[in-house]
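This report refers to the structure that appears directly beneath it.
Remember, predicted model here, so these are calculated numbers, not experimental data. In the text below, chain A, chain B and the rest are named by the order of the sequence lines, each starting its count at 1. Scope of the values below: all heavy atoms of this structure, side chains included, with no hydrogens, waters or symmetry mates.
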Amino acid sequence: MDDYLVIGGKKIKNRLFMGTGKFASYAMMKDALIAAEAEVATVAVRRVDTASKTDNILEYIPQGCLVMPNTSGARTADEAVRIARLAKASGTGSNWVKIEVIQDTKYLLPDNLETLKATEVLVKEGFVVLPYMSPDLSMARRLVDAGAAAVMPLGSPIGSNRGVKTIELVRILVKEITVPVIVDAGLGRPSDACKCMEIGCAAVLVNTAISISSDPAGLAGAFKGAVNAGRRAYRAGLVSPSDQARASSPLTGFLREKNEDA
Amino acid sequence: MSFYQELRTYSDFPFVDFYKNISLEQARSAVAADAHTPEMLLALLSEPAGSLLEDMGQKAHVLTLQHFGKTIQLYTPLYISDFCENECLYCGFNKQNTIPRRKLTEDEVEKAAASIAATGINHILVLTGDSRAQSPLEYIKKSIQVIKRYFSSISVEIYALTREEYAQLIRAGVDGLTIYQETYDEKVFDRVHVCGPKKDYLFRLDAAERAARENIRIVNIGVLLGLGDWRKDVFFLGLHARYLQQAFPTADISVSFPRIRPHAGSPFTASCTVSDAQLVQCIIALRLFLPYAGITISTRESSRLRENLLPLGITRLSAGSSTKVGGQALESCDESGLSQFEIADQRSVADIKSMLEKKGYQPVMKDWLHI
């Protein structure tokens, strides 16, 4: 059976979303997107220069990959809304928008309250809104009520490569939230991404780990494999761990043995 | 609140004894630490730490990669006026220099802006001398209105303003402020700023804070290495930057610390010289102390040195620089202009971009937008 993620009416096969910042060149970024076979890439609107013939990042996004503008640099809901509108007006990417509202340059942690306000406005304006958030159940519910198409809880601070430090909170969101849960930020290794997928996240978004690697395309391919493995494991069903060794059928195995007396 | 209160707590600190007595082990511990206290910053700047530059550099490189990736932001400075009422001993704009002065007309501002924008630059730094009479705020705001049509991010490096004046500039389209304290040593500050409005140490010290209170996005503070004890000045620069980061968490704080270069006028000589190795130590120490602060390296440094400094923590470079009014765009039609200081790296924007790409960095030409 096909296993698609559907957001905003778009069917997505590859559950590895990618960020496009911090690469040594746009050419290397493009190679990484191709290696990941990325279907969704997020681009900071602040970086887009549609007037430039040589430095327009959009020219380097492979065909078929959906461009999700993000509001990086926004400090308030109002700034995020204005950035999203500018993206729309300049034809930057799709009608998707990843909302980032950050009031803290040290940890780059999102401001959930301002994020909610921006979500409420942009959903009404017809955007497919994916808010980047600190994993908080009440806030995730409010975002869903406001019309968010997915929620994007952080695994750990942006660029930290520390992995899914918020896993217990993300697990709660996966259980309770009705829209796709996409872990964004902090994933440093393919195994981090795999772990997110194993617990039932709909997708992950990775940027820094790939972009600052000495072989971005190679690592992008590794992340893709890990995301796929984690997703397959989740669908197959993982068994619970046990403290003790257990033979395959110590007590009831006889029921499956042939009855030689018969 | 003012950073001055924190600064004053060090008024009796025995800096010289501290440098003398610090051990190599203490310096090693400071290098190894994940978070750095002010005393650790001093240890990183100490003479013993000078023998640990490679280890420090490796750590600084990793931190810079993590926070900024393989990118370097480019900008170009544009001087629009060199009239000045100050007598700063180290500066070519010193009012005692009897040379022809000028300020750009609106048409000239437009011509210079268009010329710089044609190089692909999207971030501009607008500079004036310190003369409210010749380059009043209204003149600067009018110039910004013209410049805004060509650039997505505008910073200013002008005389210190009041809070309300910064608010006016932000409303006009400015999103960044560069302001150098030059030296944090009050006695040296008083000596090298013979007269003029810049002589007001406190008004200048608090300028960054006034702009940040008005919600400016980018604040770049700096010192001029060679005026006072360089270790002390870099130490206080680090403390000042951290103070601003903590007080204004939404602002991007960055630091600059050029070395004194020759200039027209009186032959001012630095009270202390800073070697290349010591400049490297400053960059690395500040990167470890301020992992997510921007660090700009000046065109006062040679092209070779600038390239070698890149991986150690640099995040911003100027390109296509000129320290004459009108910049490279108008230089050809006016040979009489005065330079604020001599620049050592005179490469064009295209040359700097090409160099960065060869070294494995993405030159970032645009990183903001008017919203």
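- A cation-pi arrangement, defined by a distance under 6.0 Å to the six-membered ring centre and an angle within 45 degrees of its axis, is absent between A:K106 and B:Y292.
- Between chain B and the residues A:S160, A:G21, A:A44, the most heavy-atom pairs under 4.5 angstrom are made by A:S160.
- Heavy atoms from other residues, nucleotides or ligands lying under 6.0 Å from CZ of A:R189 number 12 at most.
- Of the two parts of A:I212, the backbone and the side chain both hold a non-hydrogen atom closer than 4.5 Å to a non-hydrogen atom of chain B.
- Looking at A:D55, only its side chain comes within 4.5 Å of chain B, counting heavy atoms on both sides.
- Looking at B:N122, the atoms closer than 4.5 Å to chain A (heavy atoms on both sides) all sit in the side chain, from C-beta outward.
- Within the 4.5 angstrom heavy-atom criterion, only backbone atoms of B:A251 (N, CA, C, O) approach chain A.
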Working for side chain to side chain donor-acceptor pair (under 3.5 Å), residues A:T208 and A:N161: CA-CA 7 Å; A:T208 303; A:N161 296 325; 5.4 Å; no
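- Only the backbone of B:Y361 comes within contact range of chain A, with heavy atoms under 4.5 Å apart.
- Residue B:Q245 does not touch chain A at all, counting heavy-atom pairs closer than 4.5 Å.
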Check against side chain to side chain donor-acceptor pair (under 3.5 Å), B:S153 and B:D175: CA-CA 6 Å; B:S153 175; B:D175 58 79; 2.8 Å; yes
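- Neither the backbone nor the side chain of B:K359 comes within less than 4.5 Å of any heavy atom in chain A.
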Test side chain to side chain donor-acceptor pair (under 3.5 Å) applied to A:Y26 and A:E59, step by step: CA-CA 9 Å; A:Y26 287 154; A:E59 301 288 328; over 6 Å; no
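- For A:R47, the parts lying near chain B are the backbone and the side chain together; criterion is any non-hydrogen pair under 4.5 Å.
- Of the residues listed (A:T42, A:V129, A:N70, A:V128), the one engaging A:W96 in a side-chain contact (heavy atoms from CB on, under 4.5 Å) is A:V128, and it is the only one.
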A:E79 and A:T76: CA distance, side-chain angles, deciding distance, side chain to side chain contact (heavy atoms under 4.5 Å, CB included) verdict: CA-CA 5 Å; A:E79 288 185 355; A:T76 61; 3.3 Å; yes
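- With a 4.5 angstrom heavy-atom cutoff, A:V48 touches chain B only via backbone atoms.
- Interface remark: of the candidates B:L356, B:N215, B:T71, B:I72, B:N215 forms the most heavy-atom pairs closer than 4.5 Å to chain A.
- Residue A:T71 does not touch chain B at all, counting heavy-atom pairs closer than 4.5 Å.
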Pair B:R210-B:E214, salt bridge (charged side-chain N to carboxylate O under 4.0 Å, His left out): steps then yes or no: CA-CA 7 Å; B:R210 289 194 296 275; B:E214 291 304 321; over 6 Å; no
